[in-house]
There are 2 protein chains.
Amino acid sequence: MAKAPTIYDVARRAGVSKSLVSLVLRGSSRVSDEKRAAVLTAVAELDYTPSRLAAGLAGSRTRSVGVVIDEFENLWFAPVLAGLRASLGGYSLSVADAALNAHLGLDPVEAFRSLRVDGLVLAGEVPEAAVQRLGIPAVVLGTRSMLLPGAPLVASDERAGGRLATAHLAELGHRDIVCLSATGASSAAREAGYREEMGERGLAPRVLRAARTTESAAFAAAAGLFEAARGGAAPPAPSAVFAVNDPMAVGVIGAARARGIEVPCGLAVVGYDDSPIAAYETLSLTSVSGDPRELGEVAGRALRELLADAAGPVPAGASGGAREPVPAELGRDAAPGRAAPAPAALLPPRLIVRRSSGA
Amino acid sequence: MAKAPTIYDVARRAGVSKSLVSLVLRGSSRVSDEKRAAVLTAVAELDYTPSRLAAGLAGSRTRSVGVVIDEFENLWFAPVLAGLRASLGGYSLSVADAALNAHLGLDPVEAFRSLRVDGLVLAGEVPEAAVQRLGIPAVVLGTRSMLLPGAPLVASDERAGGRLATAHLAELGHRDIVCLSATGASSAAREAGYREEMGERGLAPRVLRAARTTESAAFAAAAGLFEAARGGAAPPAPSAVFAVNDPMAVGVIGAARARGIEVPCGLAVVGYDDSPIAAYETLSLTSVSGDPRELGEVAGRALRELLADAAGPVPAGASGGAREPVPAELGRDAAPGRAAPAPAALLPPRLIVRRSSGA
DNA sequence: TTGTAAGCGTTATCAC
DNA sequence: GTGATAACGCTTACAA
């Protein structure tokens with residue numbers, strides 16, 4: 001493994017100074033065409049790849065941002081990342097999962113600090129301590145995440161999502177709609193939306209809480225529900241169920257089928273997240289979509305904003321993506337009374353209607 | 001955002017030289033306890049985080065390895081990563097997805113080169129060109145990946161997995177077993193295993209090929225199969241189906257149910273990959289597991305091996321994880337006739353038996 | 001055991 | 001336009 005060629009090698013080969021090479025590589029316009037060509041061929045011939053280590057050390061920025069997510073199993077973050085990448089063009093993203101790192105006693109935020117990233121996207125639970133003394137421009141992405149003084153929050157409006165799902169079922173004529181909820185901030189927000197919508201429509205809310213947010217927990221809870229209804233003494237089986245996530249909706253469908261209840265004829269079901277399984281032909285699950293892609297895009301724009309005024313006037317050439325103004329939602333204060341009120345954006349979710357709701 | 005403290009700041013505050021600080025931080029034993037304590041408190045007080053940029057530049061290694069995967073949607077890689085992390089303790093991993101990067105015209109391998117990673121794990125399709133002139137110790141992880149001269153291959157034996165699934169169904173008494181396959185190297189290997197096992201048992205193979213490896217494509221293909229069987233003229237419906245992945249198995253189950261065929265009573269189904277959905281109570285899918293966790297662990301050990309003799313005699317203190325010898329499988333040659341025959345490991349898959357196969 | 005000093009490969013600031 | 005020449009924050013001989 002021969003050592004990698006350096007900018008010196010390139011300069012020598014092209015017969016110019018190291019500075020000129022640097023200029024060419026950064027796309028400066030004040031370089032003669034011949035010199036530029038000479039440098040470029042030298043680069044190609046040597047298969048030269050500039051060292052980001054050195055560049056970061058010498059320069060004022062690293063042109064990189066760190067993304068902290070909960071865990072890679074969360075399929076949810078894939079489109080988020082795509083969105084981030086789209087609006088954060090020009091920056092290289094590196095991802096770390098809080099769960100695994102924590103398991104190893106490593107703090108992802110600390111890791112990114114030592115990498116000297118220019119900014120941070122916090123999309124997962126992060127150790128309180130590490131976050132307090134951040135010292136790096138950051139945005140919080142998602143809902144269950146903490147509110148950070150100085151860091152804008154970009155999240156999907158899950159309460160609104162809960163209302164959306166409930167309204168859909170109600171408008172389909174259902175009056176006895178059960179909400180299958182669970183623990184956690186997301187579940188709570190979605191459930192709150194359900195309660196609100198039910199209340200406004202004069203319908204009686206009926207919440208069932210599973211032990212966990214998994215398919216099997218939902219299966220068990222729903223099975224219990226149908227079993228009780230069968231007994232006769234308990235309240236009758238509902239005609240519709242809003243599950244706070246898709247796997248749980250699958251659990252409901254399974255439990256119903258086990259009791260001979262078909263979906264959607266005997267029971268209308270709506271899930272949440274519009275995960276890949278929702279689109280399965282076999283399930284065709286109506287689901288609320290938080291549009292993670294857009295979430296990422298908006299968060300990226302917000303961070304870009306932060307980065308821009310942290311670095312002072314327009315870092316020329318930095319506009320790898322569209323530097324449009326941050327959308328209007330980004331105006332409200334997240335915490336009115338705080339010392340450093342950061343703007344917040346709550347993005348409206350959409351309802352993806354499929355067969356499971358019988359629409 | 002005050003500038004981050006440097007090793008100089010720590011040294012000054014602790015009343016020692018920069019070198020001493022460096023020694024302490026790297027856990028050298030040749031440091032007096034007082035000085036060590038002084039340094040440590042200074043570090044804490046200043047909230048000092050060493051710069052990996054500077055460390056990488058100055059040192060001979062960066063203690064980091066790059067992992068290239070296909071796309072983050074591939075849930076498969078999450079446990080792989082966990083395995084890698086386990087055996088690559090001491091190195092920091094960074095992940096890049098080939099798909100998204102390619103979309104942006106970025107070459108992940110090039111990116112890692114400029115980051116000066118010590119090693120590479122190639123778990124996704126990588127541009128041929130970039131790979132040829134690698135110049136970095138690497139291992140190839142997975143199956144559809146290219147064979148790289150000099151890079152060991154660590155993969156799951158999917159042919160064996162295909163046999164496993166088929167044998168399971170055959171031993172359950174099924175004789176008319178259909179293999180629902182698709183395009184791609186993985187599908188081909190799994191299907192080949194099916195054919196082999198059927199052949200050895202004197203059973204007639206019957207392969208159905210879906211247009212894609214998705215649930216919906218499988219649903220369509222399976223629906224066609226049952227429809228034809230119903231007609232009477234065509235061959236009868238099989239009593240068992242081996243689908244080359246879990247979503248496709250779900251498609252089969254759905255199509256069967258649509259025809260009034262219940263699983264497993266009327267049809268036994270086996271999938272592949274043991275993805276999360278396979279464990280769903282509602283599906284309870286028997287599935288072949290390639291044990292991605294172990295795959296990652298073995299690949300990590302192999303890379304560690306490479307890294308060790310690339311860096312010369314035991315880089316003291318590098319043993320962040322177990323430096324056990326690489327397993328026996330790592331002995332065979334991947335490409336006997338090649339210039340640089342790299343060792344290869346084909347890991348045996350396991351069968352996870354659930355209800356869908358009626359066992 | 002501890003300090004000194006020479007790099008490491010860039011960027012950035014000047015002169016020319 | 002182009003080229004010296006300091007930083008940048010750390011590791012690593014080599015001295016002391």
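Proteins come first, then strands; the chains are lettered A, B, ... in the order of their sequence lines, and each starts at number 1.
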Novice: Both Leu20(A) and Ala58(B) contact DNA chain D. Which one's nearest nucleotide lies toward the 5' end?
Specialist: Leu20(A)

Novice: Looking only at side-chain atoms of Arg30(A), point me to the closest of dG9(C), dG3(C), dG1(D).
Specialist: dG1(D)

Novice: Take the protein atom CZ of Arg12(A) and the nucleotide atom C1' of dT2(D), then report the distance between them rounded to whole Å.
Specialist: 18 Å

Novice: Quick check: on DNA chain D, is the nucleotide nearest Tyr8(A) upstream (toward 5') of the one nearest Leu23(A), or the reverse? Name the residue that is more 5'.
Specialist: Leu23(A)

Novice: Using only atom types and a distance under 3.5 Å, with no angle test, would you say the side chain of Arg13(B) pairs donor to acceptor with the backbone of Ala38(B)?
Specialist: no

Novice: Could you check whether Arg113(B) and Thr49(A), counting side-chain N and O atoms only, form a donor-acceptor pair closer than 3.5 Å?
Specialist: yes

Novice: Between dA7(D) atom P and Leu57(B) atom CG, what is the distance in whole Å?
Specialist: 17 Å

Novice: Look at the rings of Phe72(B) and Phe72(A) and say which category their plane angle falls in: under 30° parallel, 30 to 60° tilted, over 60° perpendicular.
Specialist: parallel

Novice: Looking at Ser22(A), I'd like to know whether one of its side-chain N or O atoms comes within less than 4.0 Å of OP1 or OP2 on dT11(C).
Specialist: yes

Novice: Leu53(A) has an atom CG; how far is it from atom C1' of dT11(D), in whole Å?
Specialist: 13 Å

Novice: Strictly below 4.0 Å: does Ser32(B) bring a side-chain N or O up to OP1 or OP2 of dT2(C)?
Specialist: yes

Novice: When only distance counts, do a donor and an acceptor, one from the side chain of Ser19(A) and one from the base of dA4(D), lie under 3.5 Å apart?
Specialist: yes

Novice: How do Gly15(B) and Ser51(A) order along DNA chain C: which one's closest nucleotide is nearer the 5' end?
Specialist: Gly15(B)

Novice: Rounded to whole Å, how long is the line connecting atom CG of Leu25(B) with atom P of dT11(D)?
Specialist: 8 Å

Novice: Answer with base, sugar-phosphate or nothing: what part of the nucleic acid does Lys18(B) contact at a heavy-atom distance below 4.0 Å?
Specialist: nothing

Novice: Which of the following nucleotides, dT10(C), dT12(D), dT2(D), is nearest to the side chain of Lys35(A)?
Specialist: dT2(D)

Novice: Tell me whether the side-chain N/O atoms of Tyr48(B) come closer than 4.0 Å to OP1 or OP2 in dC10(D).
Specialist: yes

Novice: Heavy atoms under 4.0 Å, any strand shown: does Arg26(A) hit a base, just sugar-phosphate, or nothing?
Specialist: sugar-phosphate

Novice: Check the distance between dT11(C)'s P and Arg61(A)'s CZ and give it to me in whole angstrom.
Specialist: 11 Å

Novice: Looking at Asp9(B) and Thr6(B), would you say the former's side chain and the latter's main chain have a donor-acceptor pair under 3.5 Å?
Specialist: yes

Novice: Using the side-chain heavy atoms of Ser17(A), tell me which of these nucleotides is nearest: dG1(D), dT2(C), dA4(D).
Specialist: dA4(D)

Novice: Which whole-number value in Å describes the distance from Lys3(A) NZ to dG9(C) C1'?
Specialist: 9 Å

Novice: Check whether any side-chain heavy atom of Val140(A) lies under 4.5 Å from a side-chain heavy atom of Val154(A), and answer yes or no.
Specialist: no

Novice: Which nucleotide in the set dC8(C), dG3(C), dT2(D) lies at the smallest distance from any side-chain heavy atom of Val16(B)?
Specialist: dG3(C)

Novice: When you compare the side chain of Leu122(A) with that of Leu120(A), does any pair of heavy atoms fall below 4.5 Å?
Specialist: yes

Novice: Please report, rounded to the nearest Å, how far the P atom of dG9(C) is from the CG atom of Asp9(A).
Specialist: 8 Å

Novice: Measure the distance from CD1 on Ile7(B) to C1' on dT4(C) and round it to the nearest whole Å.
Specialist: 14 Å

